Peer 1: 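This is the structure I want to talk about, given as structure tokens.
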Amino acid sequence: MPSIVRRVVVAFATAGAVIGIAGGALAQSTADEIEKYREALQDGNPAELWEARGEEMWKAPRGPKKVSFAACDLGLGPGVVKGAYARLPRYFPDAKRVMDLESRLVWCMENQQGVAPADATKNVFGNGSAKRSDLEALVAYVTSQSRGVKMSVPLDEPHVHDMYRLGEKMFFYRGGTHDFACATCHGDDGQRIRLQDLPNLTKVEGAQKAYTTWPAYRVSQGELRSFQWRLNDCFRQQRFPELVFASDASIALTTYLAGRANGAEYNGPAIKR
Amino acid sequence: MADPMKIRAHVVGDATEVKVLMSHEMETGQRKDAQGNTIPAWFIQNVKVMHDDKVVLAAQWGPAVAKNPFLSFKFKGGAKGDKVKITWVDNHDETRTDEATIA
Amino acid sequence: MDHPRRDALRRGGALSLLTLVAAAGWLPRGAAAAETWNKGAFETHSLDETMKALGGAPPVPSKDIVFFSTPDIAENGAVVPIGITSNVPKTEAIAILVEKNPNMLAAVFDVPAGTDASLSTRIKMGQTSNVFALVKADGRYYVNSKEIKVTLGGCGG
Amino acid sequence: MPKKTFGGTLAASLALGAIATGVLHGCATAPADREVSERAEAMMKASFKPHGQAKLDRLDQDETQRLCSEYAGHSLPPTIVEKIRQANLATIRYPADGKLVGDWKNGEKIAQSGQGFQYSDDPAKPAGANCYACHQLSPKELSYGTIGPSLYQFGKRRGFTDETRKYAWQKVYNAQAFNACSNMPRFGYHHILTEAQLRDVVALLVDPASPVNQ
């Protein structure tokens with residue numbers, strides 16, 4: 001090492017001290033520093049770039065029928081975006097189905113804008129030919145319009161209540177080569193995988209903290225990821241087959257987790273590692 | 001055509017605080033795609049921030065600046081209603097200029 | 001756009017960090033400023049190579065250069081927040097270098113009079129490394145460093 | 001598929017236990033609840049698609065998985081605990097040459113890797129055990145999880161004995177032989193790791209030269 005560098009490093013190296021600390025103190029200082037890292041990221045969230053793109057898409061005429069999302073009812077009336085995400089999933093009589101935001105957006109594309117079903121979900125999660133799809137931008141915009149709104153999924157509605165109970169069963173369903181269930185990693189307090197804190201989703205506080213910060217800009221991927229993506233990628237790591245986008249099971253699990261988060265202020269899209 | 005920047009400019013005391021997010025891949029040229037082919041470098045090389053006709057910050061970036069770059073700094077002066085104009089140029093000679101009003 | 005000028009700079013070849021920082025400090029005010037990119041300086045591959053370029057004017061270690069909002073540990077190396085404030089009087093330029101990145105120089109900022117010598121941005125780090133904050137002030141060079149650890153994460157990797 | 005062989009053994013012994021004690025079904029779970037479980041399972045099977053090596057049969061539960069799902073969130077009745085432990089203990093196989101300890105250096109690599117069995121993984125490549133995701137092992141690795149207990153000085157604390165080596169082998173092979181409904185994957189039972197890899201992971205835990213025991 002050239003002398004100048006050695007001098008600088010010796011004179012001012014601070015992080016090096018971390019190496020010397022053992023056991024609990026080390027884990028604590030690591031956790032504190034990771035917390036500082038997360039705080040530093042809050043200063044600017046690239047999710048805003050998606051929100052801006054999504055807002056334009058929401059307002060523009062789209063699809064073969066040249067219809068904008070002004071006709072799309074997210075549960076609070078056609079085109080109403082403010083606060084809509086905090087009340088999803090919900091039962092939509094026109095579709096005869098409980099829907100989350102993403103399945104509802106796809107329904108509007110197909111049924112109002114005339115988009116072919118295959119096209120509406122072609123590149124979800126950035127699969128296929130594109131790195132990203134319009135859906136992430138639309139999701140970023142719609143969710144941003146519930147920022148500060150209290151989560152209130154209509155669990156009293158019988159269809160929603162049934163999906164909640166099915167989602168709960170799914171959460172505890174162990175299977176695959178590794179015996180994993182959602183609960184394996186998200187069923188206890190204060191646990192981590194590597195250095196990532198795992199929210200205990202069986203408790204209201206844990207579910208609230210987790211659900212209200214999705215979708216999120218993932219710095220590890222440089223992309224905005226939706227809640228459907230979150231579930232899909234959890235099951236991949238659970239060694240399960242692929243969870244189909246907007247499938248009943250994906251909506252049931254979303255209903256369970258969103259319902260657990262009821263009462264908490266929605267605070268997405270967030271920025272995460 | 002690149003997506004617009006997200007620029008925030010606020011008066012803080014006697015200075016103006018500028019925060020900007022840019023939409024850019026900032027591809028390093030060192031990564032490989034699924035087929036094993038190198039993904040060519042594609043990154044912003046120059047950034048210039050103007051207040052009126054004055055350059056208040058100029059930067060040269062390499063590909064080690066993070067994807068969807070973020071930059072925050074302060075300059076003296078600037079009044080509510082003034083414009084802050086930011087331009088970037090990347091190594092493909094693509095460029096984008098956006099403007100924000102100081103709040 | 002001023003292509004001939006830019007190409008000339010690219011052909012410059014053995015441009016050192018010293019001349020880079022010098023160039024940054026003397027960026028012409030005006031439209032041409034945004035089209036100057038010092039290829040040579042952004043292609044130094046080792047610390048030795050970069051530091052050797054400093055020749056007879058090695059930077060002086062300085063505690064007047066301060067890192068802020070810069071964690072000791074990055075949860076992900078793809079985005080590492082770096083904040084640097086230079087309290088060295090007459091600071092003209094601030095550069096960020098990462099010792100163990102394939103190319104050391106990450107960014108250089110020209111700080112004109114009237115702009116605070118304090119900024120934050122985000123860089124990529126391939127692994128745990130020292131990060132250098134290099135400052136040019138009143139024609140002289142100063143440096144401070146900080147080690148940032150990059151951690152592994154996730155369940156699937 | 002090895003799982004079927006072992007799973008068969010497992011299911012048979014569990015069924016025997018159920019007949020003997022009569023507690024396998026019905027006590028902790030109301031019929032309405034079971035109806036929801038059945039619909040949830042049917043819904044899952046209609047909502048997943050095969051992807052690469054991850055086929056739909058991964059949703060088929062063996063008896064241990066089924067019981068652990070059923071009793072999740074409730075305390076396990078002692079009889080069920082015992083049945084699960086016995087059935088899983090019966091699945092443990094030992095190397096023909098009796099050698100339980102391999103190379104800790106390779107064990108460390110296996111402990112660091114979380115690759116394997118995801119549909120995004122190349123099935124031709126060796127799988128990892130991802131021990132650090134849940135456990136502290138070598139003190140040099142700062143990035144470790146806490147779902148499982150710290151294994152730092154595993155061998156040193158227990159003594160470098162035949163019993164320790166056998167226990168380590170059994171635990172990695174099938175943790176549910178000891179801890180019913182443990183969160184830990186059954187690395188031997190499910191053939192996640194090869195016999196040689198199991199030896200290497202055991203070495204990481206019990207070799208006096210392993211960084212785990214420094």
Side-chain angles (χ1 to χ4, degrees), chain A residues 1-19 21 26-27 29-46 178 180 184-186 191-198 217-223 233-239 271-273, chain C residues 46-83 97 99 104 120-124 128-134 141-157:
Chain A
M1 199 185 265
S3 64
I4 174 62
V5 176
R6 197 182 313 121
R7 239 163 67 219
V8 173
V9 171
V10 170
F12 302 126
T14 48
V18 171
I19 300 164
I21 311 166
L26 175 61
S29 71
T30 301
D32 290 349
E33 282 304 316
I34 296 274
E35 200 42 53
K36 276 189 212 161
Y37 172 86
R38 289 173 189 158
E39 272 167 31
L41 289 183
Q42 301 309 316
D43 204 24
N45 182 352
H178 286 53
F180 289 152
T184 306
C185 291
H186 295 291
Q191 295 187 327
R192 329 187 300 241
I193 281 191
R194 291 282 187 170
L195 291 177
Q196 274 76 59
D197 295 320
L198 297 164
Y217 180 79
R218 290 295 298 267
V219 302
S220 50
Q221 302 166 26
E223 295 291 337
D233 206 54
C234 275
F235 281 111
R236 179 183 66 82
Q237 293 172 91
Q238 245 173 273
R239 275 72 181 175
I271 180 167
K272 293 170 190 275
R273 74 163 177 99
Chain C
S46 73
L47 190 58
D48 279 359
E49 200 184 327
T50 316
M51 286 303 179
K52 201 182 290 170
L54 292 168
V60 181
S62 171
K63 284 190 173 172
D64 290 331
I65 303 169
V66 182
F67 288 93
F68 69 92
S69 301
T70 307
D72 292 352
I73 301 178
E75 199 173 11
N76 194 289
V79 179
V80 183
I82 304 282
L97 294 84
E99 185 179 5
M104 271 196 64
S120 63
T121 187
R122 294 166 184 175
I123 60 166
K124 299 179 193 127
T128 295
S129 168
N130 286 312
V131 174
F132 296 96
L134 187 67
Y141 300 92
Y142 304 87
V143 69
N144 196 356
S145 82
K146 176 185 173 76
E147 187 191 48
I148 299 178
K149 289 183 188 302
V150 175
T151 62
L152 282 174
C155 348

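Lettering of chains follows the sequences in order, A, B, ..., and the numbering in each one begins at 1. Quick caveat, the model's predicted, so the values are computed rather than measured.
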Peer 1: Under a 4.5 Å heavy-atom cut-off, does chain C meet the side chain of A:Ile271, its backbone, both or neither?
Peer 2: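 Side chain only.
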Peer 1: Would you check if the side chain of C:Arg122 reaches a backbone N or O of A:Leu41 as a donor-acceptor pair within less than 3.5 Å?
Peer 2: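 Here the side-chain-to-backbone pair exists.
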Peer 1: Let me see the working for A:Gln196 and C:Glu75 under side-chain contact (heavy atoms from CB on, under 4.5 Å), right down to the final yes or no.
Peer 2: CA-CA 8 Å; A:Gln196 274 76 59; C:Glu75 199 173 11; 3.3 Å; yes
Peer 1: What part of A:Asp43 gets closer than 4.5 Å to chain C, counting heavy atoms only: side chain, backbone, both or neither?
Peer 2: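 Looking at A:Asp43, backbone and side chain both touch chain C.
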Peer 1: Among C:Val79, C:Thr70, C:Val80, which has the most heavy-atom pairs under 4.5 Å with chain A?
Peer 2: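 The residue among C:Val79, C:Thr70, C:Val80 with the greatest pair count is C:Val79.
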Peer 1: What distance do A:Arg273 atom CZ and C:Asn76 atom CG have between them, rounded to the nearest 0.5 Å?
Peer 2: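 Going from CZ on A:Arg273 over to CG on C:Asn76, the span is 7.0 Å.
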Peer 1: At their closest point, which heavy atom of A:Tyr37 faces which heavy atom of C:Ala74, and how far apart are they?
Peer 2: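 Closest pair (atom of A:Tyr37, atom of C:Ala74, distance): CD1-CA, 3.5 Å.
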